[in-house]
Visitor: 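Mind looking over this structure? Questions follow.
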Protein chains: 2
Amino acid sequence: MTAQQPATAAGQTSPRGRATVAVRQSSLRESNLAALVAAVCASEVPPSRADLAASLGITRATASRLADELVEAGLLDEVTREQVGPGRPARPLVPGERVVALGLSVDVDQLLVRAVDLRGRLVAERAAPLPEGDAGAVLAGLAELARSVRQGLRGRIVVGSGVAVPGVVADRRLLVRAPNLGWSEVDVPAHLPTVSGRRAVVGNEADLAAVVEAEPVPGRAGPWSDFVHVTARVGVGGAVVSGGQVVVGEHGAAGELGHVCVDPHGPRCPCGSTGCLERYAGLEALAAASGLAPERVATDLGVRAAEGDPRCAEALAILSWSLSIALASVVNVVGISSVVLGGHLAQLEPFLHDDLAHRLQQRVLGSRWDPVRLRPALADPGVAATGAAFLVLEDVITSPATWLPTVRG
Amino acid sequence: MTAQQPATAAGQTSPRGRATVAVRQSSLRESNLAALVAAVCASEVPPSRADLAASLGITRATASRLADELVEAGLLDEVTREQVGPGRPARPLVPGERVVALGLSVDVDQLLVRAVDLRGRLVAERAAPLPEGDAGAVLAGLAELARSVRQGLRGRIVVGSGVAVPGVVADRRLLVRAPNLGWSEVDVPAHLPTVSGRRAVVGNEADLAAVVEAEPVPGRAGPWSDFVHVTARVGVGGAVVSGGQVVVGEHGAAGELGHVCVDPHGPRCPCGSTGCLERYAGLEALAAASGLAPERVATDLGVRAAEGDPRCAEALAILSWSLSIALASVVNVVGISSVVLGGHLAQLEPFLHDDLAHRLQQRVLGSRWDPVRLRPALADPGVAATGAAFLVLEDVITSPATWLPTVRG
DNA sequence: GATTTAAGTTCTACCATCAAACTTATCTGA
DNA sequence: TCAGATAAGTTTGATGGTAGAACTTAAATC
């Protein structure tokens, strides 16, 4: 899902990564504008025009002209830096703070709308309980919530909106099915207002959470660019991130870690298979094994197990065992040896880490050369909404020319 | 492995797919040359200069000028087409047949060298038994064999050589480890002659077989661009192809389908884990279960089972069961629902197809909406060598400008 | 206050593409 | 047989974006 387009420097490319359309003079400019914005967003310290010229391999003249246009349009901001040495002082550039995107999220229990700026900062946020009714009613409520957030964004350049949904998404638009909401074949953008004339883009919530995990700030890579993201809540979902990109698969349904087979002789799963990971690591299974109420699992299971509660210790051991089998298979197949644990697994991570790492070490083929790394996910229950906004902001970084006034003559 | 670079229209991009280096006038030309060559290679019917101009969105003038340069350099050939209607007759273009690449392959039992032209045709081939000795001795033998094949290629433009090896490859160069050969940390290109001043590029044999499966002719997509390729020979290997590209993973070790866990309570595997697919679908396991000699498994197992031999039928059932569990997990995670069966599985495919398809249908999450497709691999034991040559030919398609005379003034 | 250093700007040259007119080669039909 | 139609390919000058080099600006240093 989330179909992060394989953005290229200039021109369209086929799925195989070869150019299918020729490039012209103007694409040259567009692609250099994109390179400039990407460089500014990716940089830890705000670069000057001269820095950009050097790092991108263009002349200062060209870098300066392009940067001026971007500053003029508000896509970049100029900041002042305290002088550090001789020479004319630089005018460093940072991502434009007037640029914001809306991130919408539909979950099983609430609606959430966030506004995030190009620097990745949360500008506004509003939540509401899930309205009663069908997809139309719920999305009408979401549209209303989004409108109210937009009210408070006067003076900003609202570049678009993204939506996170708990289901399979095709083509960044169609929600094919969302079992937990009971929806199928919903054309989500059709129910939402356009922003600056642009339709909302749609993504799967687990994928969007992984986007933020991979890139905590739009356009700037996080510490890990290749990892498997497992999110356990009621069900178990996940995403595979490779080279900073979420792997979406043929029909946008990749990342179904919950239904990797842990034990073919294990319990039946409603999906039709047997011994799926979800039957061991899902909330229901953990509650049953530990004797805890479902809402206490995330907070109490680890602590109780550490205190010596035998049922909790047993539940934690089964969790670790089942995760190790499923994750080892995934790691062997996709060749990625970093794992991010999300949902209630994030809170249990301190109690799981050593045992799970040890078990993975035994089952992962390349672990002798490259040990498996484990990390808890960001502790933000609304990440998916942020990820949805990032989806739009990444588009701005990829093709900033769209947002420039087309002055011809 | 096989690190197929995510080739872009113009300029370099980061792993995240954003431009890191600006593009200049000359990149424009380079990228349009590449687009032209790619279009000619991808086309079923040879396109004229006017066809190319229309499909790429450039003027006939530009298309013509670029095409002339490519024809001049031998990268494209002009053919004559019988006239079909009024107007000046077109001079259709096809990939240049003088352009050939060498594909080398080291296997556990033999050396193989092929020469393949830009149209994907096998031009020459020579095989030799595996020489005694260490990596140096074996690669010296391979170099000698390559030299002898090159002798017969006078008048051709030999653009480079690729090498297929049965092991993990890093950076298209270093053979990290090859258990079946007992090699590790071998800098393969260092032992081989350069071709036109270019070092050989190295890839994993399973990945290279998948490359040919995805693109039977260089630059022209085959029927499937997203599939899981399982190859069972002595061991069980594989590759995941997504969007026509082989998924290589963080360290080039992706695609280890042989060590996906089928049953955690299953037999121990030398890899340190338990119940790996290789313990069920590997040649040794099949021979033991069926009572057949290892070399007869591929040819006889299916026939004997169909004739009613109970041990063979049992062995086939276990094979199908174990494949279904492992493949279902892979398909759920990477979201790809096409499977190509290679090695001895290709020959067994007719006997496996129905039962395996049925089992997968039950275990794969999205199979109700998108049934899993099964297909046997190409019946060519030397595909890997062809794939190695393709690796080089794809580079020519991606950046043909490298092969043009640099006329400046 | 002269000198050094480096950022940013201005100007001309270059080069690849575009647009449009032009040439060439074949078919069509009287 | 030959003019007309049709479409491929070519030539010409214009356009637009970057390169290169000289120039201006602003601060630190001595």
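Naming: A, B, ... by sequence-line order, numbering from 1 per chain.
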Visitor: By a strict heavy-atom criterion of less than 4.0 Å, which residues belonging to residues 43-65 of chain B are in contact with DNA chain D?
Guide: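 Within this stretch, B:Ser48, B:Arg49, B:Ala50, B:Arg60, B:Ala61, B:Ser64 sit under 4.0 Å of the strand.
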Visitor: Measure from NZ or CZ of B:Arg198 to the centre of the six-membered ring of B:Trp403 and say whether it is under 6.0 Å with the direction within 45° of the ring axis.
Guide: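 The answer is yes; both the distance and angle limits are met.
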Visitor: Over how many whole Å does the gap from B:Leu28 atom CG to C:dC18 atom C1' extend?
Guide: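 Interatomic distance, CG of B:Leu28 to C1' of C:dC18: 12 Å.
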Visitor: What's the closest nucleotide to the side chain of B:Arg88 if the choices are C:dA16, D:dG9, C:dG8?
Guide: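 Nucleotide nearest to B:Arg88's side chain: D:dG9.
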Visitor: Please state how far atom CD in A:Glu78 lies from atom C1' in C:dG8, giving the value in whole angstrom units.
Guide: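 To the nearest whole Å, that distance equals 11 Å.
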Visitor: Is a donor-acceptor contact shorter than 3.5 angstrom present between the side chain of A:Gln25 and the base of D:dG17?
Guide: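 There is none.
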Visitor: Return the minimal non-hydrogen interatomic distance between B:Leu36 and B:Ala63, and the atom names on each side.
Guide: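 Closest approach of B:Leu36 to B:Ala63, heavy atoms only: CD2-O, 4.0 Å.
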Visitor: To the nearest Å, give me how far apart CG (A:Leu93) and P (C:dG8) are.
Guide: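 Rounded to the whole Å, the gap is 8 Å.
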Visitor: Within this structure, what is the CG-to-P distance between A:Asp68 and C:dT10, rounded to whole angstrom?
Guide: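 Between P of C:dT10 and CG of A:Asp68: 9 Å.
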Visitor: Does C:dT17 have OP1 or OP2 under 4.0 Å away from a side-chain N or O of B:Asn32?
Guide: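 It does, given that an N or O in the side chain of B:Asn32 lies less than 4.0 Å from OP1 or OP2 of C:dT17.
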Visitor: Which atom pair, heavy atoms only, marks the closest approach of B:Asp226 to B:Gly243?
Guide: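 Result for this residue pair: OD2-N, 2.9 Å.
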Visitor: State which of D:dA26, C:dG8, C:dA25 makes the closest approach to the side chain of A:Pro89.
Guide: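 Shortest atom-to-atom distance from the side chain points to D:dA26.
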Visitor: Whole Å only: how far is the CD atom of A:Glu30 from the P atom of C:dT17?
Guide: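 It is 16 Å, rounded to the nearest whole Å.
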Visitor: Give the minimum heavy-atom separation between A:Val23 and B:Leu28, together with the two atoms involved.
Guide: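 Distance-wise, the nearest heavy atoms are O-CD2, 3.1 Å.
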Visitor: With no hydrogens and no angle check, do the side chains of A:Thr398 and A:Asp395 hold a donor and an acceptor under 3.5 Å apart?
Guide: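 A:Thr398 vs A:Asp395: no donor-acceptor pair found between side chains.
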Visitor: May I ask you to test the B:Arg29-B:Ser26 pair for a side-chain heavy-atom distance under 4.5 Å?
Guide: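 B:Arg29 does not reach B:Ser26 side chain to side chain.
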Visitor: Verify the contact: side-chain N or O of B:Arg29 to OP1 or OP2 of C:dT17, cut-off strictly under 4.0 Å; return yes or no.
Guide: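 No, B:Arg29 has no side-chain N/O under 4.0 Å of OP1/OP2 on C:dT17.
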Visitor: Please state how far atom CD in A:Glu69 lies from atom P in C:dT9, giving the value in whole angstrom units.
Guide: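 Nearest whole value for this atom pair: 13 Å.
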Visitor: Side chains of B:Leu75 and B:Leu404: closer than 4.5 Å at any heavy-atom pair?
Guide: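 The answer is yes; the side chains approach within 4.5 Å.
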Visitor: In whole angstroms, how far is the P atom of D:dA19 from the CZ atom of B:Arg24?
Guide: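 Taking CZ of B:Arg24 and P of D:dA19, I get 5 Å after rounding.
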